[in-house]
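The structure appears right after this line, and notes come after that.
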Amino acid sequence: MKEQLSTLEEDKAKEVNRARGRTMCWVRKEHVRVGLAETLSTFVMMVFGLGSVAQVVTGGGLFGDYLSINLGFGLAVAMGVHVGGKVSGAHMNAAVSFTMCVLGRLGWKMLPLYVAAQFLGSFCAAGTVFTLYYGAIHHYCEGNFTVSGPKATAGIFATYPAPYISIPAGFLDQVLGTAMLLLCLTALADQRNQPAPSGGEPVAVGALVLLIGVSMGSNSGYAINPTRDLGPRVFTALAGWGWEVFRAGDAWWWIPVVAPLVGGVTGALIYKALVELLHPVHSDRELEHGDGSSECAPLDQCKKGTAEVCV
């Protein structure tokens with residue numbers, strides 16, 4: 001009897017180990033690891049970013065102002081890069097992922113995974129912030145969830161244009177803001193120029209987002225990120241604000257989705273054409289023994305992670 005029980009326990013332990021092994025094998029798959037890391041990094045960025053907006057809006061200016069929102073998003077991006085930077089590259093932005101595909105630094109087959117992960121992370125972050133600040137939002141607007149007006153709260157989650165901004169001007173605003181983002185990100189990754197120091201990339205990227213916010217944010221809230229805007233916008237449509245979130249601002253919703261894709265590629269190509277492609281050509285010996293610095297390595301020799309990304 002004891003031998004039978006011992007045999008059963010051993011068989012059960014083997015089955016548990018096999019199941020655990022299958023689970024670990026599944027997690028080790030590149031697509032799974034990248035998707036989970038990108039989702040979590042985007043979620044972290046958006047919880048901190050949207051939370052800073054919610055605090056300012058519902059507090060009526062008592063708990064911060066426009067600058068605190070800029071600081072919140074800048075630091076949020078830095079934390080997001082820390083969370084997933086070495087696994088997925090922590091793009092947290094469909095415009096970044098799309099541009100990396102155009103530049104050949106990310107396989108096109110990975111683009112749907114990145115976009116889906118970013119959308120999911122943003123959507124869940126909007127739900128988290130809505131739950132956390134539900135009482136404050138309800139008290140601020142007296143239960144009337146509106147997109148425009150003196151007590152509008154939809155802007156906590158997605159971006160909307162200022163009253164004086166036309167659709168063409170808004171499109172240009174988003175193209176220019178995202179172009180500056182990707183131009184500078186490409187420069188920060190250029191090992192033959194003046195890249196961000198190793199380990200300091202999160203701070204550099206966060207500072208860049210902060211800079212864009214304080215200089216180009218007043219027209220339409222500097223979305224510069226399709227998934228950052230669309231995920232929370234869909235959430236608000238389902239959470240009580242209705243389909244007005246897509247009709248407001250002369251159907252503004254598509255501008256933060258399309259314009260950043262155009263701007264991202266434009267900015268990166270401008271940097272490549274005017275700076276990166278004009279670097280002096282060095283021999284392999286000069287690169288290896290010139291000054292002993294990794295900054296001399298050409299960009300195409302940048303060590304790629306599992307997501308085939310250098311930025």
Side-chain angles (χ1 to χ4, degrees), residues 30 34 37-38 41 45 74-75 77-111 114 175-216 224-225 260-311:
E30 176 185 344
V34 168
E38 189 69 11
S41 60
M45 175 193 73
L75 293 172
V77 168
M79 291 302 104
V81 175
H82 275 297
V83 169
K86 288 294 185 180
V87 182
S88 68
H91 296 178
M92 304 177 291
N93 185 336
V96 173
S97 301
F98 179 74
T99 303
M100 293 302 103
C101 290
V102 172
L103 297 182
R105 301 181 189 177
L106 178 69
W108 284 100
K109 66 180 180 180
M110 298 291 287
L111 183 61
Y114 271 82
V175 167
L176 180 58
T178 317
M180 296 301 291
L181 174 68
L182 267 297
L183 188 157
C184 294
L185 284 178
T186 308
L188 290 172
D190 188 352
Q191 299 300 308
R192 297 183 65 186
N193 194 354
Q194 190 65 43
S198 179
E201 297 88 350
V203 175
V205 177
L208 171 59
V209 172
L210 170 61
L211 181 59
I212 293 173
V214 298
S215 61
M216 302 180 183
I224 58 174
N225 183 342
L261 302 178
V262 177
V265 174
T266 301
L269 291 179
I270 287 174
Y271 179 83
K272 287 183 71 69
L274 300 184
V275 178
E276 186 179 311
L277 295 178
L278 302 181
H279 287 323
V281 178
H282 295 285
S283 67
D284 291 341
R285 178 177 293 275
E286 288 174 326
L287 288 172
E288 292 176 4
H289 304 292
D291 62 0
S293 172
S294 62
E295 294 180 6
C296 293
L299 190 59
D300 59 5
Q301 292 183 9
C302 173
K303 182 178 180 181
K304 299 182 180 181
T306 56
E308 302 177 7
V309 186
C310 290
V311 172

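All values below come from the heavy atoms of this structure, side chains included, with hydrogens, waters and symmetry mates left out.
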One pair to check against side chain to side chain contact (heavy atoms under 4.5 Å, CB included): V81 and M92. What are the steps and the verdict?
CA-CA 8 Å; V81 175; M92 304 177 291; 3.8 Å; yes
Run the side chain to side chain contact (heavy atoms under 4.5 Å, CB included) test on Y271 and L185 for me, step by step, so that the C-alpha distance in whole Å, both residues' side-chain angles and the decisive distance to 0.1 Å come before the verdict.
CA-CA 10 Å; Y271 179 83; L185 284 178; over 6 Å; no
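Under the rule for a side-chain hydrogen bond (donor to acceptor under 3.5 Å, both in side chains), the partners of H279 that lie at least two apart in sequence or sit in another chain are D190. When the side-chain hydrogen bond (donor to acceptor under 3.5 Å, both in side chains) test is applied to T178, no partner is found at least two apart in sequence or on another chain. Legend: residues meeting side chain to side chain contact (heavy atoms under 4.5 Å, CB included) with C101, ordered by chain and number and at least two apart, are L106, W108, L111. Listed by chain and residue number, L188, E201, A204 satisfy the side chain to side chain contact (heavy atoms under 4.5 Å, CB included) test with A196 (two or more places apart in sequence, or in another chain). Partners of L75 according to the side chain to side chain contact (heavy atoms under 4.5 Å, CB included) rule, which considers only residues two or more places apart in sequence or in another chain, do not exist here. For A179, there are no side chain to side chain contact (heavy atoms under 4.5 Å, CB included) partners, not counting sequence neighbours. Partners of N93 by side-chain hydrogen bond (donor to acceptor under 3.5 Å, both in side chains), not counting sequence neighbours: none found.
The OG atom of S88 lies 11.0 Å from the CD atom of E30; values are rounded to the nearest 0.5 Å. Of the inter-residue distances, the one linking H91 atom NE2 with S41 atom OG reads 9.5 Å to the nearest 0.5 angstrom. Here CD1 of I270 is found 14.0 Å from CD of E276. Values are rounded to the nearest 0.5 Å. Here the straight-line distance linking atom OG of S97 with atom CE of M110 works out to 9.5 Å at 0.5 Å rounding.
Scanning all heavy atoms of the two residues, the minimum distance from G80 to A90 falls at O-CB, 3.7 Å. Closest non-hydrogen pair, L261 versus A95, comes out as CD2-CA, 3.9 Å. The two residues K272 and L103 come nearest to each other via the heavy atoms CD-CD2, 3.4 Å. Here the closest non-hydrogen pair linking T186 and L182 is OG1-O, 2.6 Å. Among all heavy-atom pairs drawn from P202 and A78, the shortest one is O-CB, 3.3 Å.
Of the possible donor and acceptor atoms, none in the side chain of E38 sits under 3.5 Å from a partner among the backbone N and O of G84.
The closest side-chain heavy-atom distance from M180 to M216 is below 4.5 Å.
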